[in-house]
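Nothing fancy with the numbering, it's 1 onward along the sequence.
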Amino acid sequence: MATVSSGTPGSAPDGPPRAAPRAAAEDSTGAAAGPAAGGVRSAAGGVRSGRAPAPGVLVALGVYAAVRGLGVVVVAGCAWWTGRSPVRLLGESWDSVWYLRIAEHGYGRTQMYPDIGSLQSDSAFFPLYPALIRCAAAVLPGSPAAAALVVAWIAAGAAAVGVYRVGERLLGARGGVLLVALWAVLPHALMLTLAYTEALLAAFAAWALYALLRGRWGWAAGLAVLAGLTRPTGIAVAAAVVASAAYEIFRLRGRAPAAVWAAALAAPAGWASYVLLVGVRRGDPLGGYFAVQSGWGSRFDFGAAALRSARHALTGNVELATTVTVVLLAAALLLAGLLAADRTTPLPLLVYTGVLLAMTYGGAGFFESKPRFLLPAFPLLLPLVAVMARARPRTAVVVTVVLAGLSYGYGPYLLLGSGVAP
């Protein structure tokens with residue numbers, strides 16, 4: 001499976017658990033049975049409510065808005081200090097320019113860079129985000145860049161609520177809020193407030209995973225289709241749906257409801273339709289899209305390029321962003337191991353996160369963009385959240401504040417001080 005890198009030179013483009021179901025599949029009437037209807041069993045043996053009261057959602061959304069809102073203020077201040085427009089900095093940086101041009105003029109742009117042997121086509125970018133930008137620009141005042149930011153910010157808010165719902169279902173209301181807070185203070189979380197697609201993918205992924213945990217197969221499949229039209233890595237959402245459906249079919253010895261079979265068949269349709277469309281237009285239905293990726297320098301090499309970049313970062317004089325990328329990728333691997341070692345982790349979360357990791361680590365391309373590709377992989381934070389949820393509230397607050405401060409410093413550096421694309 002290949003990843004895609006897109007942008008100007010130096011940028012990048014772009015259920016049931018393993019052992020026993022946490023949330024039973026819907027019965028023939030469409031209602032979820034078992035813990036999905038009445039709650040989810042905690043590690044201690046208790047049962048937590050499957051749906052938190054509205055104030056919990058509002059707290060989580062408020063935490064996200066406060067953390068990332070302050071981050072936007074910091075970036076805006078830095079932009080003004082350097083004589084740049086905050087809207088243009090947030091809405092027209094790197095890959096955002098490609099999305100805006102697709103939204104305004106459609107597909108068809110190709111850019112050549114003879115000095116690096118790169119032929120970059122806008123076909124590398126999936127169509128849903130540009131389509132949403134065009135719709136928003138038609139009804140909102142201001143520039144297309146402002147419309148792109150509105151779409152991204154709304155998507156980020158929806159993602160934060162979805163992340164909370166997943167965390168609340170697995171770790172309780174406090175765990176859900178902590179999961180949102182940690183996700184919002186990640187070093188690359190600034191990218192959630194740029195005109196990029198990570199927030200949109202995270203929204204579809206979080207709600208699809210939540211739907212799978214509740215046995216809502218139709219919702220999960222529909223959201224997987226939308227995720228597949230958003231980014232190349234959107235196929236990870238479809239993989240989670242297909243794996244969950246396969247488990248359910250196996251558990252019921254082939255007598256699963258029709259909704260389960262339909263979800264497995266429909267989930268990859270968004271991703272597959274765009275890949276095939278690009279291939280047909282290029283005269284190679286199966287390989288055309290991956291030829292476009294190759295023009296961006298992106299291919300699946302099982303991590304060989306990533307290892308070379310990491311080795312160079314550890315032995316040579318490189319950008320701070322490159323060194324931070326190595327540290328973050330190593331931390332993500334450690335968290336992935338902890339997540340996989342927890343036998344209570346639901347299967348959909350494992351599959352979704354695993355596919356994202358495989359595409360990110362295994363894809364050659366722009367090394368410094370890999371932490372951004374992992375922004376939608378919020379389940380990686382669950383092991384940390386489980387520890388913080390058991391700590392004293394003051395400790396959790398201090399950790400979050402410290403990480404937020406680091407994020408506020410690193411975000412402006414990525415946009416204004418780094419020599420590489422985030």
Minimum heavy-atom distance between Ala264 and Ala245, given as atom pair plus value
CB-CB, 3.7 Å
Between Phe250 and Tyr247, is the gap from one ring center to the other below 6.0 Å?
no
Is there a donor-acceptor contact under 3.5 Å from the side chain of Thr360 to the main chain of Leu357?
no
Separation of Leu375 CG from Lys370 NZ (nearest 0.5 Å)
14.0 Å
Dump the intermediate steps for side-chain contact (heavy atoms from CB on, under 4.5 Å) on Arg165 and Val57, then the final yes or no.
CA-CA 8 Å; Arg165 283 300 190 191; Val57 172; 3.5 Å; yes
Backbone N/O of Leu226 and side chain of Thr230: donor-acceptor pair under 3.5 Å
yes
Note: Arg372 and His188 closest approach over all heavy atoms is N-CD2, 4.1 Å
Go through the steps for Arg214 and Trp219 under the test side-chain contact (heavy atoms from CB on, under 4.5 Å), then give the verdict.
CA-CA 10 Å; Arg214 298 190 62 204; Trp219 279 104; over 6 Å; no
Please answer whether the main-chain N or O of Ala148 pairs with a side-chain N or O of Tyr129 as donor and acceptor at a distance below 3.5 Å.
yes
So, does Thr82 use its side chain to make a donor-acceptor pair with the main chain of Ala79 at under 3.5 Å?
yes
CZ of Arg169 to CG of Leu209, rounded to nearest 0.5 Å, is 12.5 Å
If you compare all heavy atoms of Ile133 against all heavy atoms of Ala103, which two are closest, and at what distance to 0.1 Å?
CG2-CB, 3.7 Å
Spatial distance of atom OG1 (Thr233) from atom CD (Glu198) [nearest 0.5 Å]
7.0 Å
Look at the rings of Tyr352 and Phe378 and say which category their plane angle falls in: under 30° parallel, 30 to 60° tilted, over 60° perpendicular.
tilted
When Leu382 is tested against each of Leu179, Asp342, Thr344 for side chain to side chain contact (heavy atoms under 4.5 Å, CB included), which residue passes?
Leu179
Which atoms form the tightest heavy-atom contact between Ala206 and Val163, and what is the distance?
CB-N, 3.7 Å
Nearest-0.5 Å distance that lies between atom CG in Leu328 and atom CG in Leu335:
10.5 Å
Taking the side chain as every heavy atom from C-beta outward, state whether Val63 and Thr400 have any pair of such atoms under 4.5 Å apart.
no
Under 3.5 Å donor-acceptor, Ser273 side chain and Gly270 backbone:
yes
Contact check, side chains of Leu182 and Leu178, non-hydrogen atoms, under 4.5 Å:
no
Considering non-hydrogen atoms only, spot the tightest contact between Ala238 and Ala267 and give its length.
CB-O, 3.5 Å
Please tell me if the side chains of Leu334 and Pro383 come closer than 4.5 Å, counting only heavy atoms from C-beta onward.
no
CG of Leu186 to CG of Leu406, rounded to nearest 0.5 Å, is 11.5 Å
Between Tyr210 and Glu168, do the side chains contain a donor N or O and an acceptor N or O under 3.5 Å apart?
no
Tyr64 and side chain to side chain contact (heavy atoms under 4.5 Å, CB included): which single residue from Val161, Leu192, Val185 fits?
Leu192
Using only atom types and a distance under 3.5 Å, with no angle test, would you say the side chain of Ser294 pairs donor to acceptor with the backbone of Phe290?
no
Candidate pair Phe204 and Leu223, rule side-chain contact (heavy atoms from CB on, under 4.5 Å), full reasoning:
CA-CA 5 Å; Phe204 292 139; Leu223 291 165; 3.9 Å; yes
Taking C-beta and beyond as the side chain, do Val177 and Tyr164 meet within less than 4.5 Å on heavy atoms?
yes
Taking the side chain as every heavy atom from C-beta outward, state whether Trp98 and Ser121 have any pair of such atoms under 4.5 Å apart.
no
Between Ser143 and Val87, the two heavy atoms sitting closest are OG-CG1, 4.5 Å
Less than 4.5 Å apart, any side-chain heavy atom of Thr322 and any of Ser309?
no
Go through the steps for Ser407 and Arg68 under the test side-chain contact (heavy atoms from CB on, under 4.5 Å), then give the verdict.
CA-CA 10 Å; Ser407 179; Arg68 291 297 358 129; 3.7 Å; yes
For Phe125, run the ring-ring contact (aromatic ring centres under 6.0 Å, His included) check against Tyr289, Tyr196, Trp296 and tell me which one passes.
Trp296
Test item: Val326 and Phe367 side chains (from C-beta on) under 4.5 Å apart, heavy atoms
yes
Would you say the ring centers of Phe366 and Phe373 fall short of 6.0 Å from each other?
no
Rounded to the nearest 0.5 Å, what separation is found between the CG atom of Leu374 and the CE atom of Met359?
11.5 Å
Between Phe302 and Phe300, how do the two ring planes meet: parallel, tilted or perpendicular, split at 30° and 60°?
perpendicular
Mind checking whether Leu201 and Val237 have side chains closer than 4.5 Å, heavy atoms only?
yes
